[in-house]
Protein chains: 2
Amino acid sequence: MSTTGPAPQRRMRADARRNYERLLAAAATVFAEHGVDASLEDIARRAGVANGTLYGHFPTRQALLEALLRDRMDALTATARDLLDHPSPHEALVIWARAAMAHTTTYRGLVTALMRSIEDESSELHAACRAVLVGGEQLLTRAQAAGTVREDATAADLYAMINAVAWAGEQTTPAQGERLLTFSIDGLHPSRSR
Amino acid sequence: MSTTGPAPQRRMRADARRNYERLLAAAATVFAEHGVDASLEDIARRAGVANGTLYGHFPTRQALLEALLRDRMDALTATARDLLDHPSPHEALVIWARAAMAHTTTYRGLVTALMRSIEDESSELHAACRAVLVGGEQLLTRAQAAGTVREDATAADLYAMINAVAWAGEQTTPAQGERLLTFSIDGLHPSRSR
DNA sequence: ACCTGAACACCGTTCAAGT
DNA sequence: ACCTGAACACCGTTCAAGT
């Protein structure tokens, strides 16, 4: 599905492939510990490869993030598709929003990268973010058709809203993020759109 | 009012005072251009002083920010007080929220610093942020008493909400931030609290 | 009392030289 | 085809030496 980026090609030299995998594993560890703005040098060190090897495989930090998150982001998009079968359009949207928020807080600083990438077409994360946004759009449209979400809300609004509350939760406490999510979802209700 | 930090003391040596002012002016320029994570070295350079002089006056980046923003943050707090006389408690809250959002987007990256500082008591910005939060709290309580805002919303919610939408606007477009602010304020309405 | 500028440790990115 | 590691430019922070 993802047409982006250098996937771990079958036609990779054995040592190259091994380094690729090691770099991804190291990145997962280091990002988990220090957030997505962690030192790339540290990642290369922990992977046991030279500095330049990292750049050979991942020309930018976002390329590395894309490879690391690809599966998870595809899964989130797939979840949106699946939730179109949920009996309650509104509940489906809320469930998905929570899942999206959880994904977004996988690593510290990730939410900022995901938010930037939605409007930056040159980002390696752009395509995956677009797919997520479109997934959310379908759930949003369905809820609007059911009359539980105001008509003037757009997919971009939904995407920005989820990321904004996730960011707030990251900066303060997860509980605070949860509270804002509740308020925001309530704010999508048609009763107050004027 | 602000008991924090090394204000530009009267009892400062003339050259020290001059350097202090130059550093603040340079910081304003550099932050405006590159955001609040800009190079401190650049600021010192532009102020025409040595690296260590900056640290002498402002031991941390947040100390520099605090000195630079003190007046504006005091003004925002004062505005909250003034708006307690506004005939419409709800409109007063909305007006203030917009003013707070505008302040928060003065420099790129500022919103993150302000959000972090509210829970970090060691931050030089903490006291000013607390004062702003308390200012907002009064407007919030008044709106709640008037029945236009849900009872379960707290001052921390309001603070986080304003910063979250400001952040979203910074990452995408100001118009997107405006849209989220509208939705968020609507989400504060009692009609949907359950 | 304050300023200077070198020193240290760290980082992102590039690229010639290797295998 | 890929890896290495040095090179370059940049940065935050500290501190001995000056005035």
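Every chain is numbered from 1, with letters handed out A, B, ... down the list of sequences.
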Testing the basics here: between B:L65 and B:A113, what is the closest heavy-atom pair and its distance to 0.1 Å? CD1-CB, 4.1 Å
Which residues satisfy the salt bridge (Lys or Arg N to Asp or Glu O under 4.0 Å) test with B:R45, sequence neighbours excluded? B:E41, B:D42
With sugar-phosphate meaning primed atoms plus P, OP1 and OP2, does A:A14 contact a base, only sugar-phosphate, or nothing at under 4.0 Å between heavy atoms? nothing
Flag the pair A:L158 / A:W96 as yes when at least one side-chain heavy-atom distance between them is below 4.5 Å, and no otherwise. yes
Do B:L40 and B:F58 come within less than 4.5 Å of each other through their side chains, counting heavy atoms only? no
Applying a 4.0 Å non-hydrogen cut-off, can you work out what B:R18 is touching in the nucleic acid: base, sugar-phosphate, or nothing? nothing
With B:D120, the side chain to side chain donor-acceptor pair (under 3.5 Å) member among B:S122, B:S117, B:S123: B:S122
Which part of the nucleic acid, if any, lies within reach of A:D15 when heavy atoms closer than 4.0 Å are counted: base, sugar-phosphate only, or nothing? sugar-phosphate
Pairing residues for B:E91 by the salt bridge (Lys or Arg N to Asp or Glu O under 4.0 Å) criterion, not counting sequence neighbours: none
Base, sugar-phosphate, or nothing for B:A44, non-hydrogen atoms under 4.0 angstrom? nothing
Classify the nucleic acid contact of A:N19 as base, sugar-phosphate or nothing, counting any heavy atom under 4.0 Å across all strands shown. sugar-phosphate
Could you tell me which non-hydrogen atom of A:Q62 sits nearest to which non-hydrogen atom of A:L125, and how far apart they are? O-CG, 4.0 Å
Heavy atoms of other groups near B:R116 CZ, more than 12 under 6.0 Å: no
Range on DNA chain D touched by chain B - first to last nucleotide, heavy-atom distance under 4.0 Å: D:dC11 to D:dC15
Do B:D152 and A:F183 have side-chain heavy atoms sitting under 4.5 Å apart? yes
For DNA chain D, what string of dots and brackets results from 5' to 3' when Watson-Crick and G-U pairs need both distances under 3.5 Å, crossing pairs get [ ], and pairs with another strand get |? ||.|||||...|||||.||
Set of salt bridge (Lys or Arg N to Asp or Glu O under 4.0 Å) partners for A:R22, sequence neighbours left out: none
Which of residues 46-53 of chain A sit near DNA chain D, with a heavy atom under 4.0 Å from it? A:V49, A:A50, A:G52, A:T53
Looking only at non-hydrogen atoms, find the nearest pair between A:W167 and B:N163 and report the distance. CZ3-O, 3.6 Å
